[in-house]
*Asks:* 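Mind having a look at this structure? Questions to follow.
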Amino acid sequence: MALIHKATLSPTKVELLAAWLPSRPWYQGEAGAPVERVASYRFDDPEGVVGIETLLVKAGNGPTYQIPVTYRGGPLEGADEWLIGTTEHSALGRRWVYDATGELVYAEALAQAMLTGSGQAQEFMEVDGHLEPRQPSMSITTSNISTDYAEARAVIAILGTDASDPTVIQTDKLTLTIPRVLNHGVTSPGAVLFGTWPGQPASVPLAFANPR
């Protein structure tokens, strides 16, 4: 599950992405275009240390972008190129926000969610000392899961990441492909993660997994 704190962030997630997005080679809008959140989904970190969230955002009248991020309580050694920025969390203190496609914990979580059909983490908020479930802002489903993936689920290393669009993560056992500019017409073989959200009732491919 994902525990969501009632808290304020300064700068907010959207403000961090508004500064970071124009530096990406796949960004199609104008610098300074207003960024708005469309929806999001989360995965579990088995260790309960790293927050793993994928944000869907739009910049101005441009397309919908998919931005997987991780939240950490301290900097990740050797990951400066993946750092989006830092934010002050009113409950947790300073948080380091990374482009998750460079992180093993994200690759592991994505592989498990896709290849076991476990989907997204259930979200809870602490209210008056007890946990209350929070309705997700979007739904995700998987397809084309095969027994061929039984051993490939246990990702233990990232061999390299091509940060283009789509972003391709080469792991020790899988090739994970994550479209950045979402297009429901994109197709690929292998296991597929689909998403739907308000205003987008037709399933849109969010990620693909293929054994290496």
*Asks:* Indicate yes or no for a side-chain donor-acceptor contact from Gln120 to the backbone of Met138 under 3.5 Å, with no hydrogens or angles considered.
*Replies:*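 Side chain of Gln120 to backbone of Met138: a pair is present.
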*Asks:* Could you check whether any side-chain N or O of Asp45 sits under 3.5 Å from a backbone N or O of Glu47, counting only pairs where one atom can act as donor and the other as acceptor?
*Replies:*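 Yes, Asp45 side chain to Glu47 backbone: donor-acceptor pair under 3.5 Å.
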*Asks:* For Phe194, does its backbone N or O pair with a side-chain atom of Ser203 as donor and acceptor, under 3.5 Å?
*Replies:*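 Answer holds: no.
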*Asks:* If the test is side chain to side chain contact (heavy atoms under 4.5 Å, CB included), which one of Val97, Leu55, Thr12 qualifies with Leu17?
*Replies:*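 In the set Val97, Leu55, Thr12, the residue that makes a side chain to side chain contact (heavy atoms under 4.5 Å, CB included) with Leu17 is Leu55.
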*Asks:* For Thr142 and Leu193, indicate whether the former's side chain and the latter's backbone hold a donor-acceptor pair under 3.5 Å.
*Replies:*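 Answer holds: no.
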*Asks:* Could you verify whether a donor N or O on one side chain and an acceptor N or O on the other, from Thr167 and Arg180, lie under 3.5 Å apart?
*Replies:*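 Short answer, yes.
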*Asks:* Stepwise, does the side-chain contact (heavy atoms from CB on, under 4.5 Å) test hold for Ser137 with Arg37?
*Replies:* CA-CA 10 Å; Ser137 59; Arg37 173 177 162 169; 3.9 Å; yes
*Asks:* Between Asp172 (side chain only) and Ala157 (backbone N and O only), is there a donor and an acceptor less than 3.5 Å apart?
*Replies:*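 Judged by distance alone, yes, a pair lies under 3.5 Å.
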*Asks:* Under 3.5 Å, is there a donor-acceptor pair linking the side chains of Gln170 and Thr175?
*Replies:*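 Yes, Thr175 and Gln170 have a side-chain donor paired with an acceptor closer than 3.5 Å.
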*Asks:* Identify the heavy atoms of Ala107 and Thr171 that sit nearest to each other, and give their distance.
*Replies:*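 The answer is CB-CG2, 4.3 Å.
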*Asks:* Could you pull out the closest heavy-atom pair between Pro179 and Leu206, with the gap in Å?
*Replies:*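 Closest approach of Pro179 to Leu206, heavy atoms only: CD-O, 3.2 Å.
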*Asks:* Look at the side chain of Tyr98 and the backbone N and O of Thr101, then say whether any donor-acceptor pair between them is shorter than 3.5 Å.
*Replies:*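 Looks like no, no N/O pair under 3.5 Å.
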*Asks:* Kindly compute the distance separating CG (Leu110) from CD1 (Ile169), expressed to the nearest 0.5 Å.
*Replies:*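 The CD1 atom of Ile169 is 7.0 Å from CG of Leu110, to the nearest 0.5 Å.
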*Asks:* Evaluate Glu88 against Ser10 for side-chain hydrogen bond (donor to acceptor under 3.5 Å, both in side chains), listing each step before the verdict.
*Replies:* CA-CA 5 Å; Glu88 295 297 328; Ser10 181; over 6 Å; no
*Asks:* So Trp26 and Tyr65, would you call those rings parallel, tilted or perpendicular, with 30° and 60° as cut-offs?
*Replies:*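 Correct class here is tilted.
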*Asks:* Does Arg24 form a side-chain contact (heavy atoms from CB on, under 4.5 Å) with Ile67? I'd like the steps, not just the answer.
*Replies:* CA-CA 11 Å; Arg24 301 302 94 189; Ile67 318 294; over 6 Å; no
*Asks:* Would Trp96 and Tyr71 count as a side-chain contact (heavy atoms from CB on, under 4.5 Å) here? Give the steps.
*Replies:* CA-CA 6 Å; Trp96 278 254; Tyr71 308 112; over 6 Å; no
*Asks:* Check the pair Lys58, Glu36 against side-chain contact (heavy atoms from CB on, under 4.5 Å), reporting the backbone distance first and the verdict last.
*Replies:* CA-CA 5 Å; Lys58 295 190 73 172; Glu36 62 176 328; 4.2 Å; yes
